[in-house]
Amino acid sequence: MPELPEVNSFKLYFDKTTLNQKIREVEVQDDKIMRNINGDDFIEKLTGRTFVNSYRRGKYLFGKLDDGNDVLFHFGMTGDIKYYEDDMDQPRHERFAFHFTNGYRLGFDCPRKFARILYLKDLEKYISEIGLGEDALIISENSFLEKLEGRKTSIKGFLLNQKLLAGVGNLYADEICFQTRIHPGSSISALRQKQKKDIYKVMQNILSIAVNRARNYKEEKTEDDFFQWRVKGQKAPKGKGVCKVEKIAGRTTYYFDIYQRLYQSK
DNA sequence: TGTGATGTTGAATG
DNA sequence: GCATTCAACATCAC
């Protein structure tokens with residue numbers, strides 16, 4: 001489900017509901033999403049602990065425990081968190097839940113189990129091991145341009161690569177290409193410096209608007225102006241082309257032909 | 001009923 | 001070694 005803005009809203013939600021609350025009990029229904037720890041060990045490590053801080057980088061959310069260890073929450077495609085009290089509010093595909101001493105719980109919901117939970121003794125080491133790029137909202141223009149340097153892949157492929165830039169997913173990548181009027185399949189080496197700067201500016205603008213709305217993804221989908229144009233066959237602004245659907249960089253990609261110009265290197 | 005979906009990874013390929 | 005592509009993961013909705 002979530003890209004950078006949605007994970008950011010998860011962070012706000014996590015901070016509001018979970019920080020500084022003692023975990024009385026941990027319930028694990030399915031530890032399949034736990035990658036470096038099993039359910040029993042997870043229960044043992046987390047029971048009695050308290051999350052004291054959190055850190056988001058791209059689509060990764062880290063919860064800092066009072067014993068210095070971290071828990072990584074990566075939401076995959078369908079991950080979600082819910083704070084609730086009654087059994088009847090339990091999410092349908094809850095995989096684990098923290099029960100706090102105040103009687104409330106934080107449940108981790110994930111139908112498709114693409115989410116990943118890791119228990120980390122050294123957060124910095126983990127980030128460097130997986131080579132996670134700088135957060136797309138924090139990266140400087142210079143650093144962004146540096147990452148583009150010498151790269152031959154498509155602009156969409158670049159935006160989606162979490163090692164180069166963390167946080168942009170399939171939908172926002174399409175939105176950035178749409179707003180810059182650049183065909184997502186354009187090769188980076190064919191873009192002029194001005195266009196590269198434009199991509200940076202538009203990316204930050206889109207992400208900060210989405211973050212400031214501080215909504216969750218479901219609401220955003222119906223109320224947001226973003227992504228509404230992603231409808232196959234729809235006419236482009238000013239009638240300059242039609243919305244096409246194509247696999248680019250391995251993902252289903254929407255774009256307007258003609259309206260979004262394709263830049264190819266010779 | 002088959003198909004594809006907001007993400008990542010590891011194997012395969014160039 | 002590096003860059004890129006693709007299948008696989010599991011479930012649901014259309």
Side-chain angles (χ1 to χ4, degrees), chain A residues 1-11 29-36 56-62 72-81 91-96 108-118 120 126-127 129-133 135-136 147-178 184-190 203 206-207 210-211 213 215-232 244-255 264-265:
Chain A
M1 162 153 67
E3 301 183 32
L4 186 154
E6 293 75 43
V7 176
N8 195 70
S9 77
F10 289 156
K11 171 173 161 54
Q29 291 95 333
D30 187 340
D31 67 358
K32 187 84 192 261
I33 59 174
M34 295 172 186
R35 299 306 168 103
N36 67 346
R56 183 193 61 73
R57 176 146 159 181
K59 307 171 193 170
Y60 292 67
L61 178 63
F62 302 89
L72 162 62
F73 303 90
H74 191 290
F75 298 88
M77 299 260 253
T78 57
D80 200 358
I81 44 177
R92 184 161 162 210
H93 301 283
E94 186 179 277
R95 305 305 177 186
F96 66 90
F108 191 96
D109 188 51
C110 189
R112 282 173 70 185
K113 299 186 198 172
F114 283 4
R116 289 199 310 286
I117 305 300
L118 278 86
L120 302 173
Y126 173 76
I127 288 177
E129 271 170 9
I130 63 170
L132 186 59
D135 186 83
K147 299 286 180 197
L148 284 165
E149 208 52 50
R151 214 154 285 277
K152 289 195 158 62
T153 185
S154 64
I155 184 61
K156 173 128 182 180
F158 170 82
L159 291 169
L160 290 178
N161 188 334
Q162 305 299 304
K163 290 183 162 65
L164 301 172
L165 183 73
V168 177
N170 198 32
L171 264 53
Y172 284 97
D174 279 5
E175 185 68 30
I176 292 164
C177 291
F178 166 61
S186 295
S187 77
I188 287 167
S189 54
M203 173 183 81
I206 291 170
L207 293 178
V211 159
R213 284 172 179 164
R215 304 180 186 146
N216 73 40
Y217 186 80
K218 295 176 192 76
E219 287 169 326
E220 192 168 334
K221 199 171 187 180
T222 53
E223 297 172 22
D224 216 299
D225 326 329
F226 296 150
F227 320 134
Q228 298 300 320
W229 56 272
R230 282 172 105 252
V231 177
K232 187 179 183 177
K244 304 261 184 178
V245 186
E246 197 183 315
K247 275 248 191 295
I248 296 177
R251 305 299 300 280
T252 301
T253 300
Y254 290 71
Y255 67 93
Q264 285 170 308
S265 36

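So that the names make sense, note that chain A is the first sequence line, chain B the second, and so on, each numbered from 1.
- With sequence neighbours excluded, the residues satisfying salt bridge (Lys or Arg N to Asp or Glu O under 4.0 Å) with A:Asp135 are A:Arg56.
- Ring geometry, A:Phe108 versus A:Phe96: the interplanar angle falls under 30°, so the pair is classed parallel (tilted spans 30 to 60°).
- In this structure a side-chain-to-backbone donor-acceptor pair under 3.5 Å is present from A:Glu3 to A:Tyr172.
- For B:dG7, neither phosphate oxygen OP1 nor OP2 lies less than 4.0 angstrom from any side-chain nitrogen or oxygen of A:Gln162.
- B:dT1 and C:dC9: their P atoms are spaced 24 Å apart (whole Å).
- Under the 3.5 Å distance criterion, the side-chain polar atoms of A:Arg251 are left unmatched by any main-chain donor or acceptor of A:Gly157.
- For the pair A:Glu129 CD and B:dT8 P, the computed distance is 18 Å after rounding to whole Å.
- Nearer to the 5' terminus of DNA chain B, by closest-nucleotide assignment, is the contact made by A:Arg112 (compared with the other of A:Arg116 and A:Arg112).
- Listed nucleotides C:dT11, B:dT8, C:dC9 differ in distance to A:Phe114; the shortest reach to its side chain belongs to C:dC9.
- Checked by atom type and distance alone, the side chain of A:Arg57 pairs as donor or acceptor with a backbone atom of A:Leu132 at under 3.5 Å.
- Considering A:Phe62, A:Phe10, A:Phe114, A:Tyr60 in turn, A:Tyr60 is the only one that fulfils the ring pair (Phe, Tyr, Trp, His ring centres under 6.0 Å) rule with A:His74.
- Look at A:His93 and you won't find any side-chain N or O under 4.0 angstrom from OP1 or OP2 of C:dT11.
- As judged by a 4.0 angstrom heavy-atom cut-off over every strand, A:Gly169 is placed among residues touching the sugar-phosphate backbone only.
- Between A:His74 atom NE2 and C:dA10 atom C1' the separation is 16 Å, expressed in whole Å.
- Taking 4.0 angstrom as the limit, A:Thr153 places a side-chain polar atom (N or O) nearer than this to OP1 or OP2 of C:dT4.
- Rounded to whole angstrom, the span from the CD atom of A:Glu3 across to the P atom of B:dA5 amounts to 14 Å.
- Between the CZ atom of A:Arg251 and the P atom of C:dC6 there is a distance of 13 Å, rounded to whole Å.
- Close to B:dA5, at under 4.0 Å from its OP1 or OP2, lies a side-chain N or O of A:Thr252.
- With hydrogens and angles ignored, no donor-acceptor pair under 3.5 angstrom links the side chain of A:Arg151 to the base of C:dA3.
- A straight line from CD1 of A:Ile188 to P of C:dA3 spans 12 Å, rounded to a whole angstrom.
- Counting only Watson-Crick and G-U wobble pairs whose two distances sit under 3.5 Å, DNA chain C takes part in these stems of three or more pairs: B:2-5 with C:11-14, B:7-14 with C:2-9.
- With A:Arg95 contributing its side chain and A:Pro111 its backbone, the two residues share a donor-acceptor pair below 3.5 Å.
- The listed nucleotides are B:dT8, B:dT9, C:dC9; the one nearest the side chain of A:Lys32 is C:dC9.
- Taking the side chain of A:Lys59 as heavy atoms from C-beta on, and the options B:dT9, B:dA5, B:dG7, the nearest nucleotide is B:dG7.
- Taking atom CZ of A:Phe75 as the reference point, atom C1' of B:dA5 lies 19 Å away to the nearest angstrom.
- Rounded to an integer number of Å, the gap from CG of A:Asn161 to P of B:dG7 is 13 Å.
- In terms of heavy atoms, A:Thr153 sits closest to A:Phe158 at CG2-N, 4.0 Å.
- Remark: A:Lys113 is in phosphate contact with C:dT11, judged by side-chain N or O atoms under 4.0 Å from OP1 or OP2.
- Close to C:dC12, at under 4.0 Å from its OP1 or OP2, lies a side-chain N or O of A:Arg92.
- Remark: P of C:dC9 and CG of A:Asp30 are 16 Å apart, rounded to the nearest angstrom.
- Checking B:dT8, C:dT4, C:dT11 against the side-chain heavy atoms of A:Lys152 singles out C:dT4 as nearest.
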